[in-house]
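Here is the structure we will look at, set down as structure tokens.
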Amino acid sequence: MKHEIDSENLPTNTSPNEHFQTVVNRAVSRRGFLLKTGVGAAAVGFLSAGLTGCGGGGDGGEPATPGTPAPTPPGELLGFTPIPTDTADRVTVAPGYTASVLAPWGTPLFTTGPGSNWVGDGSEDAAAQARQMGDNHDGIHYFAIAGKSDEGLLVMNHEYTNVQYLFTNGMVDSLDDANKDLNAHGVSVVHIKRSGGAWNIVRDSLLNRRITGSTLMQLTGPAAGDALLQTSADPTGTAVFGTLNNCGNGWTPWGTYLTCEENFNQYFGTTDTANPGQVRDANMVRYGLASGTTARRYETYHDRFDWQKEPNESNRFGWIVEIDPFDASSTPKKRTALGRIKHENAAYAIAADGRVVIYMGDDQANDYIYKFVTTGHYIAGDTVNNRNLLDSGTLYVARFNDGAATGDMMGTGEWLPMTTANPALAGFASLADILVHTRQAADALGATPMDRPEWVTVHPQTNEVYVTLTNNSGRAATDDANPRPANIYGQIVRWREAGGDAAALTFEWDIFVLAGNPTIAQANPLDRGTSNVNVDNTFNSPDGLGFDSAGRLWIQTDGNYSNAGRYANQGNNQMLCANPVTREIRRFFVGPVECEVTGLTFTPDHKTLFINIQHPGEGGNSHWPEGGSALPRSATIVITKDDGGVIGT
Ligand code: FEO
Ligand code: CA
Ligand code: CA
């Protein structure tokens with residue numbers, strides 16, 4: 001049911017937005033910290049300050065988008081009936097909602113030429129794959145055309161490939177195979193339109209585009225041109241072919257898409273294992289390049305992926321790439337100012353003075369959370385001003401302190417500047433040196449090692465920032481933000497910047513939820529989860545994360561789907577929805593066998609939700625979505641409400 005604010009009952013001279021803030025403040029002042037393990041009092045007032053209303057985090061919730069629903073009172077945010085877990089090879093969604101499949105791997109974007117047919121047995125060549133949907137759909141964003149909620153560009157990442165399905169013999173063993181694999185990576189820009197209630201691809205649209213692991217792109221910002229980014233093929237250090245391992249995403253208020261290069265290390269190896277001088281340097285080790293050959297075997301077919309032949313090529317990956325989705329001839333830009341890590345996603349907020357802040361996580365056990373603050377200011381509608389804002393600014397890495405008490409899962413934090421002026425980084429020769437070696441610089445600063453930072457998202461009204469820490473089974477020493485040893489379930493941490501200003505240098509934080517399993521005996525009571533985890537919503541390994549514009553927090557999982565042992569009763573990977581004020585969490589959607597659920601975006605009217613199903617059947621046990629004996633295929637899921645209402649109500 002959709003809950004509208006009843007303007008008849010508002011006090012005189014109170015706008016709906018002011019009414020919403022009053023309700024939030026009341027709800028927060030009543031709220032206790034819902035831990036059932038008795039570890040302390042609430043972060044009182046955590047949500048009660050700083051309702052500055054300038055957030056940009058809600059996916060699909062660009063500020064002032066025409067048709068965006070009015071704020072919903074926080075107690076009524078979750079209007080749908082939750083669903084049980086599922087282990088079948090299908091998708092299930094809350095009652096009153098319908099989920100349908102759009103644009104699975106291999107779908108042709110054009111009606112003529114290479115790739116205009118899908119054979120479906122893995123026999124397509126590189127040229128065909130370059131004009132079809134890539135594999136392993138991940139981060140996704142809907143860019144409305146002329147503000148419309150029935151026509152737009154769906155832009156999405158293709159993180160990696162399932163070689164067991166991509167090739168008839170299940171592996172890369174030719175140059176064309178390597179190129180096909182590269183072409184199944186990257187980004188798709190897909191023109192879509194709704195008619196007769198159904199969303200379809202507009203084939204042959206001039207806006208349709210595949211960006212792949214071979215597409216020419218430009219390195220920009222402080223590290224561009226540096227010797228660390230120069231190769232024999234590109235002595236300028238500014239031109240690189242391809243983007244790889246595009247995981248989560250972001251977007252900007254000036255209408256561009258951000259794709260985030262995550263586990264780029266897996267594409268770089270060496271065939272020259274007999275060479276006694278063959279040794280990775282410390283940088284290659286810190287970022288995890290293979291010491292020998294890789295499973296993808298690119299190094300066999302392209303010298304640039306052999307780190308002995310081209311030691312700097314891997315430095316040209318691990319960036320955030322900015323793409324103009326409305327110009328199919330534009331050159332994607334790798335923005336070096338934002339640092340080189342295993343980028344998960346990118347979530348923006350606008351600081352009090354108009355600078356743009358980008359929040360980012362580095363997805364590795366015991367790596368860090370970052371933010372970038374631009375030098376320039378965002379000016380709505382000023383394309384020339386905004387176009388290269390991400391080329392100049394300051395990168396910071398987070399330190400989470402326990403605060404006044406240890407064991408209460410809350411505390412304070414600070415942002416440590418990653419600049420040449422910081423004495424702790426005196427060992428770095430230049431800003432380019434810091435940015436190419438972002439992890440080593442963060443190590444030197446004493447940032448807080450986290451339980452694998454995944455997606456970050458910003459509350460659209462309060463500017464509070466939430467991050468998924470997916471799991472860290474190897475954790476030994478604990479702290480308040482990472483409070484469990486051998487953490488197999490993961491948690492969501494949130495913080496509020498000082499003064500509600502995204503550019504602030506200090507913050508307060510608390511744990512929003514410790515995921516866990518209360519359906520089985522647990523030696524550590526914390527592994528039952530916080531009190532907002534129960535037998536009806538148990539889950540592990542939160543990953544995808546995003547607010548809608550009403551402030552519902554959507555949580556997606558990429559975890560253990562065995563449904564057994566310590567994961568009993570958790571079923572296939574899923575999507576849940578949380579109320580950030582009451583902390584209630586309900587299960588909304590469950591994916592097919594051996595998939596992860598990732599990426600989310602809404603049309604401006606919030607009546608269509610797009611999410612992605614990645615790697616169904618990665619272990620060989622799915623034929624989703626076609627069924628029968630068909631190959632399993634990653635795909636986008638379109639979710640609508642049967643009564644035509646807003647998703648989540
Ligand atoms: Fe590609 Fe960290 O998920
Ligand atoms: Ca504490
Ligand atoms: Ca992820």
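First listed ligand is number 1; within each ligand, the first listed atom is number 1. Keep in mind the model is a prediction, meaning the values are calculated, not measured.
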May I ask you to check if any N/O/S atom from Ala405 comes under 3.0 Å of the Ca ion (ligand 2)?
yes

Restricting to N/O/S atoms, is Glu344 within less than 3.0 Å of the Ca ion (ligand 3) or not?
yes

Step through it carefully: locate the ring centre of Phe268, locate the ring centre of Phe317, and say whether they are under 6.0 Å apart.
yes

Under a plain distance cut-off of 3.5 Å, with no hydrogens placed, do Asn283 and Asn315 share a side-chain donor-acceptor pair?
yes

May I ask you to decide whether Asp362 forms a salt bridge with Arg439, counting only side-chain N to carboxylate O separations under 4.0 Å?
yes

Taking the ring centre of each residue, are Phe507 and Trp415 less than 6.0 Å apart?
yes

Answer yes or no as to whether an N/O/S atom of Asp543 is found below 3.0 Å from the Ca ion (ligand 3).
yes

Suppose we only allow N, O or S atoms; which atom of Glu262 ends up nearest to atom 2 (Fe) of ligand 1?
OE2

What angle, in degrees and rounded to 10°, do you get at the Ca ion (ligand 2) when you join it to O of Asp402 and to OD2 of Asp480?
120°

Answer yes or no: is there a side-chain heavy-atom contact under 4.5 Å between Thr598 and Glu454?
no

Do side-chain atoms of Arg280 reach the backbone of Gly269 as a donor and acceptor pair under 3.5 angstrom?
no

Using a 6.0 Å distance limit plus a 45 degree cone around the ring axis, check whether Arg587 lies over the aromatic ring of Phe539.
no

Of all N/O/S atoms in Asp363, the name of the one nearest atom 2 (Fe) of ligand 1
OD2

Regarding Met410, does it place an N, O or S atom less than 3.0 Å from the Ca ion (ligand 2)?
yes

Using atom 2 (Fe) of ligand 1 as the apex, give the angle to atoms OE1 (Glu344) and OE1 (Glu454), rounded to 10 degrees.
70°

For the Ca ion (ligand 2): the N/O/S atom of Asp408 at shortest distance
OD1

